[in-house]
There are 2 protein chains.
Amino acid sequence: MPTIKDVARRAGVSIKTVSRVVNKDPAVRDSTREHVERVVAELGYTPDPAARSMRSNRTGVLGLVTDMVTTTPYSVDIISGVQDACAEAGMMMLIVNTRGDRAHTEHAIRTLVERKVEGIVYATMYLRALDELPAMGDLPMVLVNCFMADGSVPSIVPDDYAGSYAATSHVIELGHRDIALLSVNPVIIAGERRGRGFRRALLDHGLTCTPDRVRAGQVFENGREVFVAAEATLRFLDAAQRPTAIVCGTDAIAMRAYNAVRERGLRIPDDISIVGYDNFVMIAEALDPPLTSVALPYYDMGRTAVSWLRRLGHGDGLAEPTLLMPCPLIRRASCRPL
Amino acid sequence: MPTIKDVARRAGVSIKTVSRVVNKDPAVRDSTREHVERVVAELGYTPDPAARSMRSNRTGVLGLVTDMVTTTPYSVDIISGVQDACAEAGMMMLIVNTRGDRAHTEHAIRTLVERKVEGIVYATMYLRALDELPAMGDLPMVLVNCFMADGSVPSIVPDDYAGSYAATSHVIELGHRDIALLSVNPVIIAGERRGRGFRRALLDHGLTCTPDRVRAGQVFENGREVFVAAEATLRFLDAAQRPTAIVCGTDAIAMRAYNAVRERGLRIPDDISIVGYDNFVMIAEALDPPLTSVALPYYDMGRTAVSWLRRLGHGDGLAEPTLLMPCPLIRRASCRPL
DNA sequence: CATCATTCTGATAACGTTGTCAGGCGTGTC
DNA sequence: GACACGCCTGACAACGTTATCAGAATGATG
């Protein structure tokens, strides 16, 4: 590996001049710059990041802390988004998994601070509210898919309320009047927001939301999530008057609703329309008929987080302390006009 | 941030002694060591990785290069495995995504080499054979889910042949004699291996494998994968004598087979047994009935890769240049005795 | 041609660590 | 008491870069 000295010697200039050229300092005569650049290319010189960072305290590295994001297929796009944005900015990404527990998280952040990352993206698997964050000096930080209750840290989350509102409105506009909700566990914040979007859409369109039209599709039972979507769907179907459409809290729930609908010998979308949430293509496209679903903009959330971090790193402020990312409705074949 | 000098001054020793204590050099008197350690804890000193790596050329960082692993839910466990193993070894993981193209890959590896990672894990989304690898000096490297045709680089891949053999044998042992294969595109290496395992299991159990019992569940069509599993299944079902079991190349294919079976008004597993591959729990557990499937040991592959890398980094050799990881059969409810 | 401002360049000192090597200090031996 | 030996410690250089600041080269002006 050639060093800056080798380049300087070969080019017949001082190391400082080489440093200037490499760092695009304009105070170098054009002829000198070109000459040095040629030698740099010739020798294949690249500055040593360790030495550079020791002097300048800039490492060109961002940290990504996740609770379990890598262990679930859902939100893995966050990683891709962060990764791609880093690459475009000539930066790298150091990733740490915390398994959601406090000790791991503190250790992870400490390690990243020691390694002098220039900023941290903190991403969670489920949308959740954070009570407190480990100390980390004045390092810029952006939260993805989570937020501080007091709004003290910039945060990027999907607009579950609006997404659910749009999905429900879509079904209403198709002519449906009797619509059921198969909700995510409302303990989960996303579940609560999606539920709210559903209800609001109903109200805004002059429909009423009766309690018997809302059932949980999954619940927590001794620490584990269990799906009860199939049973819940059967109860919808067996009711005196059965709904003509079901809005589902997730695609996984929707998949189970499909099973139940078929068990009763009914057809989708002829007898009943179904909408999902998450746009988990692996499921949505494999279902028969393909599932209309609301997409989570995870990739863009990751990208945006990096761009925010870079802005913060330059000392610039942010227009919005927290951003609600729109969740587009992806129309497939599981809904039809009534 | 306190430096080694601060510790030395406060402890009344030289910086070298502090360095020795921090690096667990045994040539320090116990009383000195304890004293220095106390001061280190007091000041909260941690060595600067940049300075350390500049001197010693060791960074404590491993690189993970993936083609699209982060963009697919399947193999994301590789990341988790690598990550956890790194954390346990006190190392960190620098991750780069190449989108599968050559230029990105070269750039990624070059960047990692410049950053002085101590080894590289190169992981791909689909099992594939690599023709050549970008130059990277003498940096240790381990391939995951891919391999060099000439075996020149240590590699860890799932044993698709044995996995498929086991799945097929399972069905045979359940009494099935007329078994069909809904294969992954055989252009994909995993498809070829799984197909081979299927056929071998049949032969080993004294059954014959007729061409009309093998159909592709997915094909490449102008650059994109398209699923034809549903149609293929219908043709199996509509044959003069219909098979009593179907071995599927992937869970995604199996899910479409479910759809087709239901379309014909048949029941799983009563009328027909089905096995999947990938053990993609999100699908396998959501199907009705839950799908028996072969698991891919991605997490362990990631872990093993790191342990190999560390061994290589210490100059130790490897027992096996390439490792076939067993794929355990996960039994659920989609198969039953005939 | 002298002067001065302007533009460009280089010597040298950091940054925080580890490696080299010399040396201090006990202890045991003759 | 002199000496050798082993154990422990410290002064200083080195790693490859950037920052400081002085100074050289250039060009403009009187």
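Residues of residues 31-54 of chain B having a heavy atom closer than 4.0 Å to DNA chain D, listed by number: B/Thr32, B/Met54.
Closest-nucleotide positions on DNA chain D for A/Val18 and B/Arg20 were compared, and the one nearer the 5' end corresponds to B/Arg20. For A/Ser19 and B/Arg55, each mapped to the nucleotide of DNA chain D holding its nearest heavy atom, the one lying further toward the 5' end belongs to B/Arg55.
Close to C/dG10, at under 4.0 Å from its OP1 or OP2, lies a side-chain N or O of A/Thr17.
Residue contacts shown for A/Asn23 are limited to sugar-phosphate atoms, with no base heavy atom under 4.0 Å away.
At whole-Å resolution of the value, CD1 in B/Ile15 and P in C/dT18 are 9 Å apart. Residue A/Glu114 contributes atom CD, which lies 11 Å from atom P of C/dT17 at whole-angstrom precision. In this structure, the NZ atom of A/Lys5 is 16 Å from the P atom of C/dG10, given to the nearest Å.
Put simply, CZ on A/Arg115 and CG on B/Leu94 are 9.5 Å apart, with the number rounded to the nearest 0.5 Å.
Chain B approaches DNA chain D within less than 4.0 angstrom (heavy atoms of the protein), and the contacting nucleotides run 5' to 3' from D/dC8 to D/dG16.
Other residues, nucleotides and ligands contribute over 12 non-hydrogen atoms within 6.0 Å of the CZ atom of A/Arg33. At most 12 heavy atoms of other shown residues, nucleotides or ligands fall within 6.0 angstrom of atom CZ in B/Arg310.
The pair A/Arg38-A/Glu42 does not meet the salt-bridge criterion, since no charged nitrogen lies less than 4.0 angstrom from a carboxylate oxygen.
In this structure a side-chain-to-backbone donor-acceptor pair under 3.5 Å is missing from B/Glu118 to B/Leu62.
Nearest heavy atom pair, residue B/Pro158 against residue B/Asn145, reads CD-OD1, 3.4 Å. For B/Leu43 against B/Pro2, the heavy-atom pair with the smallest separation is O-CG, 3.4 Å.
Between the side chains of A/Asp67 and A/Tyr126, not a single donor N or O lies within less than 3.5 Å of an accepting N or O.
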